[in-house]
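Encoded as structure tokens, the structure appears first; notes follow it.
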Protein chains: 2
Amino acid sequence: MLKVPQYVDKIAPYVPGKPIEELERELGISRSVKLASNENPLGPSPLALEEIVKHTSELHRYPDGAAYALRSALAQMHGVDIEEIIIGQGSNELIDIAIRAFQQPGDETIMGSPSFVVYYISSAKAGGVPIQVPLTKDYRLDLNGMADKITDKTKIICISNPNNPTGTIVTKDELREFFKWLPDNILTIMDEAYYEYAAGVETYPDSMEHFRDGRDILILRTFSKAYGLAGLRIGYGIANKTITGAMNKIREPFNTSTLAQKAAIAALKDTAHVRRTIEINAQGKEYLYKELTALGIDFLPSHTNFIYMDLKKNAMEIYNRLLKLGMIIRPMGLADTTTIRVTIGLPPENEEFIRTLKEVL
Amino acid sequence: MLKVPQYVDKIAPYVPGKPIEELERELGISRSVKLASNENPLGPSPLALEEIVKHTSELHRYPDGAAYALRSALAQMHGVDIEEIIIGQGSNELIDIAIRAFQQPGDETIMGSPSFVVYYISSAKAGGVPIQVPLTKDYRLDLNGMADKITDKTKIICISNPNNPTGTIVTKDELREFFKWLPDNILTIMDEAYYEYAAGVETYPDSMEHFRDGRDILILRTFSKAYGLAGLRIGYGIANKTITGAMNKIREPFNTSTLAQKAAIAALKDTAHVRRTIEINAQGKEYLYKELTALGIDFLPSHTNFIYMDLKKNAMEIYNRLLKLGMIIRPMGLADTTTIRVTIGLPPENEEFIRTLKEVL
């Protein structure tokens with residue numbers, strides 16, 4: 001009998017979501033609205049799409065495994081050395097690679113709860129021990145509480161900032177304080193997947209400050225959110241060469257596609273698209289705040305493109321009833337939870353969410 | 001000080017190859033011919049490219065993480081259950097995932113030498129012990145020799161068939177014999193990346209026979225070779241549900257892009273493109289055999305789209321001199337090796353290879 005290692009076996013099986021077309025066929029609905037995955041409702045950067053069409057005829061060739069052109073563009077943009085940039089199949093893959101590079105079986109990785117679920121899974125499937133620290137009362141990562149959990153076995157601390165699924169941030173001052181007492185044998189992963197939405201907030205930390213201070217920090221950004229390229233799977237990390245060097249030993253040589261690399265370079269230049277994305281998100285957020293307040297629904301002010309709210313009713317039931325109306329949102333946590341996470345969409349999508357929510361409540 | 005686990009640290013650092021454009025700029029050459037990566041010289045399937053252009057506007061959405069449509073198509077093609085198919089970012093990623101799923105630190109993975117280098121790296125970077133078994137005198141995988149290396153710690157055996165870089169095969173009878181005595185607690189990875197080129201050979205095994213026999217076998221195929229989609233990063237595996245189930249726990253939820261999935265489905269239907277690919281490869285092989293024989297160069301008859309040859313001169317030197325003439329091939333093995341691997345190209349590319357080879361010898 002084939003034996004699966006216990007730490008792999010005990011991971012909850014991945015239950016793949018059905019594609020929208022399948023779901024619509026089953027439910028007999030059409031034109032459903034998806035506000036479940038924090039995608040950019042404006043669509044991909046048009047410049048990126050032009051670039052894709054230009055490069056399809058090269059697809060029999062392997063991609064540039066070093067992603068030389070994209071890393072050059074990013075190094076220049078951030079004022080760092082090209083060797084301090086690593087490209088991943090989404091920042092998701094880079095979380096996984098960093099954990100495999102720095103956490104041995106039995107080692108501990110500290111994270112918030114709730115926070116981005118990939119930290120937990122990646123730590124566990126590499127035989128590590130994920131340590132979950134509850135959020136503060138105001139639903140923010142509890143950096144002090146996370147500090148209290150540091151032991152000899154702690155190798156990594158994951159900071160989702162803004163935090164998914166709550167949309168809250170840890171502040172500039174809190175992060176500076178954190179780095180003051182953090183032991184220097186621990187890797188800090190600063191997951192900034194929603195960076196572009198929070199960058200304008202005065203108290204939002206500039207994590208590059210800690211990178212320049214020589215800290216062992218891995219800053220993660222993605223093209224899946226504000227840049228609108230989730231379907232291509234591409235993100236990047238900024239870190240010192242010890243960190244990128246170890247991660248490159250784990251990384252597969254051809255981990256991102258030619259089209260993803262080309263599209264990402266073009267998307268970086270499409271600052272107008274990102275600006276429009278931020279604007280329409282701010283407007284949608286304003287509208288949803290107003291409507292949710294009018295409905296008496298508790299929600300957290302968000303620094304991202306999604307809103308975390310407490311419906312005080314079983315979230316799975318609400319989710320299923322919304323689904324039948326063609327509205328796809330994300331119920332959070334376990335079966336008894338009452339919270340959902342809703343992506344901010346285009347104005348008609350937001351209106352449709354409010355309309356259907358009223359109908360099911 | 002951040003500490004990298006010893007088994008990660010000791011992996012040879014990945015030295016990224018320069019993109020062709022960079023290389024050409026440095027060497028002051030242009031229009032170089034790349035016969036280094038066993039790509040399809042005819043280019044990607046035209047049907048696949050049409051499909052890509054149709055789906056670019058959806059790229060702000062996450063891919064279907066379950067790759068439902070592609071797995072359905074493959075399940076139907078192979079007459080297996082959809083749950084017996086797993087999709088990877090190239091078969092490369094599936095090797096890595098299978099090893100992480102079934103090999104714990106300290107466990108052993110057996111492979112040929114020389115064989116596809118990813119088996120060694122994936123085993124080592126997961127803290128395993130790669131056991132390399134020299135090929136037979138006729139440069140084929142030595143299944144008996146590999147059997148002799150089985151211990152209590154053996155978890156996986158990797159069979160590259162045809163074998164990269166030698167292009168040789170283990171036969172139907174040899175594989176049947178192998179499965180007769182193989183203990184049932186070992187996973188056999190049948191890496192058939194070059195399947196389409198060997199499928200017509202009478203002695204080439206039908207590995208599906210052993211899958212149907214209920215063996216713990218993972219059959220790997222790719223869209224990077226005969227299908228001409230290396231730049232998109234997509235491949236697949238066929239295995240029983242114990243194996244795909246464990247691998248799905250390791251697999252990242254969105255490991256292949258939307259465009260890769262769409263293109264792969266179209267490429268599967270483009271049987272004409274695969275047929276042309278096989279034909280032009282057979283013609284190129286014939287031509288190269290004849291020319292190499294005339295030059296008195298030792299080469300191995302190949303069941304793939306590449307030829308392994310011994311130049312009896314330092315391969316790195318030959319490689320560098322060919323490079324300056326705009327001819328990119330692959331020197332194999334260590335610094336003192338005299339063997340190279342050359343991809344079979346289009347007729348003018350093959351002629352250019354022979355011309356430049358004559359010039360440097």
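Labels below follow one simple rule: chain letters A, B, ... track the order of the sequence lines, proteins then strands, and each chain is numbered from 1. Because the structure is a prediction, the values reported are computed rather than measured. Computed over heavy atoms, backbone and side chain alike; hydrogens, waters and symmetry mates excluded.
- Among A:Ser224, A:Ala246, A:Ala101, the residue with the largest count of heavy-atom pairs under 4.5 Å with chain B is A:Ala101.
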Q: Just do the side chain to side chain contact (heavy atoms under 4.5 Å, CB included) check on A:Gln89 and B:Asn255 with the steps written out, would you?
A: CA-CA 7 Å; A:Gln89 199 211 189; B:Asn255 64 330; 3.9 Å; yes
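- A donor-acceptor pair is defined here as one N or O able to donate and one able to accept, closer than 3.5 Å; no such pair exists between the side chain of B:Asn185 and the backbone of A:Met1.
- For the residue pair B:Tyr7 and A:Gln104, the shortest heavy atom distance occurs at CE2-NE2, 3.2 Å.
- Residue contact with chain A, scored on non-hydrogen atoms closer than 4.5 Å, is absent for B:Gln261.
- With a 4.5 Å cut-off on non-hydrogen atoms, A:Lys34 touches chain B through its backbone and its side chain both.
- Annotation: maximal heavy-atom pairing with chain A below 4.5 Å, among B:Leu232, B:Val53, B:Asn40, occurs at B:Leu232.
- Comparing B:Ala48, B:Gly90, B:Gly43, B:Ala69 by heavy-atom pairs within less than 4.5 Å of chain A, the highest count is held by B:Gly43.
- Note: A:Ser257 leads A:Pro46, A:Pro41, A:Ser257 in heavy-atom pairs under 4.5 Å with chain B.
- Rounding to the nearest 0.5 angstrom, the gap separating the CD1 atom in B:Ile156 from the CG atom in A:Leu2 is 8.5 Å.
- Closest approach of A:Pro105 to B:Pro105, counting heavy atoms only: CG-CG, 3.6 Å.
- Counting heavy-atom pairs closer than 4.5 Å to chain B, the top-ranked of the candidates A:Asp216, A:Leu259, A:Thr256 is A:Asp216.
- Identified by a heavy-atom distance below 4.5 Å to chain A, the contributing residues of residues 55-62 of chain B are B:Thr56, B:Ser57, B:Leu59, B:His60, B:Arg61, B:Tyr62, in residue-number order.
- Within a 6.0 Å radius of CG in B:Asp152, no more than 12 heavy atoms belonging to other residues, nucleotides or ligands are found.
- The two residues A:Ala230 and B:Pro63 have their closest heavy-atom pair at O-CD, 3.7 Å.
- When the heavy atoms of residues 117-128 of chain B are compared with those of chain A, the residues falling under 4.5 Å are B:Lys125, listed by number.
- When the candidates B:Leu42, B:Asp9, B:Asp107 are compared by the number of heavy-atom contacts under 4.5 Å with chain A, B:Asp9 comes out ahead.
- Of the residues considered (B:Ile52, B:Asn92, B:Ile186), B:Asn92 shows the highest number of contacts with chain A, using heavy-atom pairs under 4.5 Å.
- In this structure, B:Arg100 pairs ionically with A:Asp96, as a charged nitrogen and a carboxylate oxygen lie closer than 4.0 Å.
- Annotation: maximal heavy-atom pairing with chain A below 4.5 Å, among B:Thr258, B:Leu229, B:Ile250, occurs at B:Ile250.
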